[in-house]
Amino acid sequence: MTSERYNARDAEPRWQREWDEKAIFSARNDDPRPKYYVLEMFPYPSGRIHIGHVRNYTLGDVLARYMRAKGFNVLHPMGWDAFGLPAENAAIERKVAPKAWTYDNIAAMKKQLRSIGLSLDWSREFATCDPSYYRHQQKLFLDFLRAGLVERESRKVNWDPVDMTVLANEQVIDGRGWRSGAVVEQREMNQWVFKITKYSQELLDALDTLDRWPDKVRLMQRNWIGRSEGLLVRFALDPATAPAGETELKIFTTRHDTLFGAKFMAIAADHPLALAAAAKNPDLAAFITEIKRIGTAQEAIDTAEKQGFDTGIRAIHPFDPSWRLPVYVANFVLMEYGTGAIFGCPAHDQRDLDFVNKYGLGNTPVVCPEGQDPKTFVITDVAYDGDGRMINSRFLDGMTIEQAKEEVAKRLETEVRGNAPVAQRQVNFRLRDWGISRQRYWGCPIPVIHCEKCGVVPAPDTQLPVTLPEDATFDRPGNALDHHPTWKHVACPKCAGKAQRETDTMDTFVDSSWYFARFTDPWNAQAPTTRPVVDRMMPVDQYIGGVEHAILHLLYSRFFVRAMKATGHIAMEEPFAGMFTQGMVVHETYQKADGSYVTPAEVTVETGSNGRRAVLTATGEEVTIGSIEKMSKSKKNTVDPDDIIATYGADVARWFMLSDSPPDRDVIWSDERVQGASRFVQRLWRVVNEAADIAKAAPATRPADFGPEATALRKAAHSALDKVSGGIERLHFNVCLAHIREFTNALADTLAKGGRPAADLAPNLVPDLVWAVREAALILVQLIAPMMPHLAEECWQVLGQSGLVSEADWPQIERDLLVEDSVTLVVQVNGKKRGDVTVPRAAENPEIETAVLALDAVKQALGGKAVRKVIVVPMRIVNVVG
RNA sequence: GCUCCAAUAGUCCAAUUGGUAGAGACGGCACGCUUAGAACGUGCGCGAUCCAGGUUCGAAUCCUGGUUGGAGCACCA
């Protein structure tokens, strides 16, 4: 018997070396077994891993190790999402080259990742900033360009005039650049865009096939794509009021049923008609300038009041030539959606109602809710957007909304004005094409050349990769690529004349939109993918990451794979067959009396009879325990994975991450519970060592019969095996851990009942029980192996097993042990529990009924009333209805 | 504002998807052990499953309405 504590600091590096030397986690592309691809979202090399990474990668590792034991050829790779702004900021602030900074960080983080004991295939590692990766991305870009999936477009962008760069919407805070603080301008710029909207409908429809994705994520994508069916209507303009001879105004609506409730038309500030009118009206021009200025600040948009300006233009109602509607320029109409123009029906749209109430245009209800009297139904401050019957709508009166929509569409699409129908049915999407141009150095260069004579010329394949210059300087704002003295000057591949390289680089979301495919064959120097390999190893069977990527990253990847299919790089459409969004790691916050935050490492929490209090460990000063929040540097409520692993070991960190909270929910980091995990590690170590001492006496062959004690232990073992297997497959790791602890308790009980010390006892034990103890201990170790692989290896060795538990096959379940000979059914009378009855497993309903009705408790509860019905739920319950 | 999700013991969470509310842990209390020791072992679980209705033989689970908390989108016509 070993009385030594389990020493994680000694064991963990030892087993990590062992796995490494034997390269047991390398997947082979020619392995004939069925494949299983587990992938966690790859990290940005910020410098240190975060506790959230530990959770993310532990979740994936449990699955990878389990599937490996189940006999799959598991692909579980890791890499680095290595392009991006922080490297350039480091270059500016610390005078270190982005490349050096990035690769140093990768080296540091890789060391940290290794200390977690993840079963990763490091032979496939790459960083997206490796030219050997991005050269293929450039190739994909050029293939997409040829296929019409990339275009150059003039687009409105957020421009930071100080940093001289385009900002993403998230980088604009209160209308100012997040770094420079300069007021952000809206500029029209030429941008490269991926034509993701060509796949709007497909990306939407295919969501229904992704049955192993969270509903939440699918819903978010559905809303993001934002399909709406409506009608495109051409309103004629009163020629006397048109500023420059315009004849019509096109609008898009989904509520054409409410056309008779129209009170006004509204157009966006940058609508051509608005610009034409502004040219003749200085007041209108001033108004447009004003609302465009507000338009840049995201905050202002949220709270801005509805504002409009009457252009003087009058539109003619499509069903009544004598009905004129005023055309306003309004700040709530977006040029980017639909046609940039609407008709306003205030009674049934809140925005329109706010607008008319401000400008005194009135409203007419045209949909009356069921049960309301149309004569008294009025709208004042709240628009009605529910169901009902049409009123005040001439030929539509009495129809449902759907009938009215159909009638309006039918009439207007058959009416012709100037060789075209007045209206046509149209489907609109909220989804926009994906602008990928970034005025940044540290990104994948866009492989095109601008020639004064030939225009945009793709870089020839032979010139790939177009690499970043390593001697760029960061001493002034703007794009370092553009500033570089020589890099952009090249000869035109077509005419050999003077030309310039594109100095924009790609959005880093491009890098992460296909890395999962590259992992299948990162060694291919000739092409992005190797067809037979990528077609066999993809899709990713289980992808795991944070919900913050639920929309953009996942949608872009889904688009990218479709584009890769269209250009012959892959056979499938959907990259991720299974998707899982894990919760965050959160922690309570601690504040000193002066309001400043202190880290958990500086604090000692004491639990007394009147609750918990926290003091500074160094000084004893009392600190306030604050709310539980996402770990952040500003709140200082972070824990460092290195500290945890140094103190408790990786297995404890892993076990803690998996316990209690379901993986898709936030987990509260709690020192008490981490210590609980640590105590379990020691307890398991003791139990296994004790079992190992007994197991030495186990007979070599399986006994023919097992006594009751042995059978009970075997049932506990195989039941745990069954539940844990199922739990892992459904990613219910917290429940798996509960079953493992339950089984550990059962094994410990059996050992304790035999008496102590165990060594004296072994010879007295009957062989069947000794054999069962050995079996139980082995199963237990295999069950914990996916979660605590180092401890499992150590235990495996103690149990005298040769080889590695990481390479062992998952134990076979003996299903016979899971079925009981007799079952105990709960007996209810009128839904209330009155007792129970134990019957043979095979008992038929009539015998069960007889047995139940014979119970005294049942007779008493019935109180002489006749039995009306007896409901027998097999294996569970009997309900007597009296 | 719109859409969606959640709510079970002091705390974190289970409940085979409509069948006995309790698996596991944290904390607490009691007892034991007296050295595996900032441990270890044993024991202790009445909470109208957030509230009000409804469906059902039977509801934590399904339906309706609310309360509280969270998430996403945000003038999308």
Next on the checklist: Would A:Trp213 and A:Phe580 count as a ring-ring contact (aromatic ring centres under 6.0 Å, His included) here? Give the steps.
Outcome noted: CA-CA 7 Å; A:Trp213 280 43; A:Phe580 188 85; over 10 Å; no
Checklist entry - Does A:Ser670 put a side-chain nitrogen or oxygen below 4.0 Å from OP1 or OP2 of B:C26? => result no
Next on the checklist: Counting the benzene-type ring for Trp, do A:His317 and A:Phe260 have ring centres under 6.0 Å apart?
Outcome noted: yes
Next on the checklist: Of the listed nucleotides (B:C75, B:C13, B:C57), which one gets closest to any side-chain atom of A:Arg351?
Outcome noted: B:C75
Item to check | Selected nucleotide, minimal atom distance to A:Asp660 side chain, candidates B:C57, B:C12, B:C73 | outcome: B:C12
Next on the checklist: Less than 4.0 angstrom between a side-chain N/O of A:Asn745 and OP1 or OP2 of B:A25, yes or no?
Outcome noted: yes
Checklist entry - Would you say A:Asn734 reaches B:A14's phosphate, i.e. side-chain N/O to OP1/OP2 under 4.0 Å? => result yes
Checklist entry - Base of B:A38 relative to its sugar, syn (within 90° of 0) or anti? => result anti
Checklist entry - What is the glycosidic conformation of B:U61: syn, defined as within 90° of 0, or anti? => result anti
Checklist entry - Looking at A:Arg730, does any N or O in its side chain come under 4.0 Å of the phosphate oxygens OP1/OP2 on B:A14? => result no
Next on the checklist: Checking contacts here: which listed nucleotide (B:C76, B:U3, B:C73) is nearest the side-chain heavy atoms of A:Asn223?
Outcome noted: B:U3
Item to check | Per A:Arg686 side chain, nearest of listed nucleotides B:U42, B:A36, B:A77 | outcome: B:A36
Next on the checklist: Can you tell me if A:Arg673 touches the phosphate of B:C13, counting only side-chain N or O atoms and a distance under 4.0 Å to OP1 or OP2?
Outcome noted: no
Item to check | Minimum-distance nucleotide to A:Lys306 side chain [options: B:C76, B:C12, B:C75] | outcome: B:C75
Checklist entry - Among B:A77, B:G24, B:A14, which nucleotide sits nearest the side chain of A:Ala738? => result B:G24
Checklist entry - Nearest to the side chain of A:Leu219, which nucleotide is it out of B:C4, B:A14, B:C57? => result B:C4
Item to check | Nucleotide nearest A:Arg741 when distance is taken to its side chain, options B:C57, B:G37, B:C26 | outcome: B:C26
Next on the checklist: Ring-plane angle category for A:Phe355 and A:Tyr328, please: parallel below 30°, perpendicular beyond 60°, tilted otherwise.
Outcome noted: perpendicular
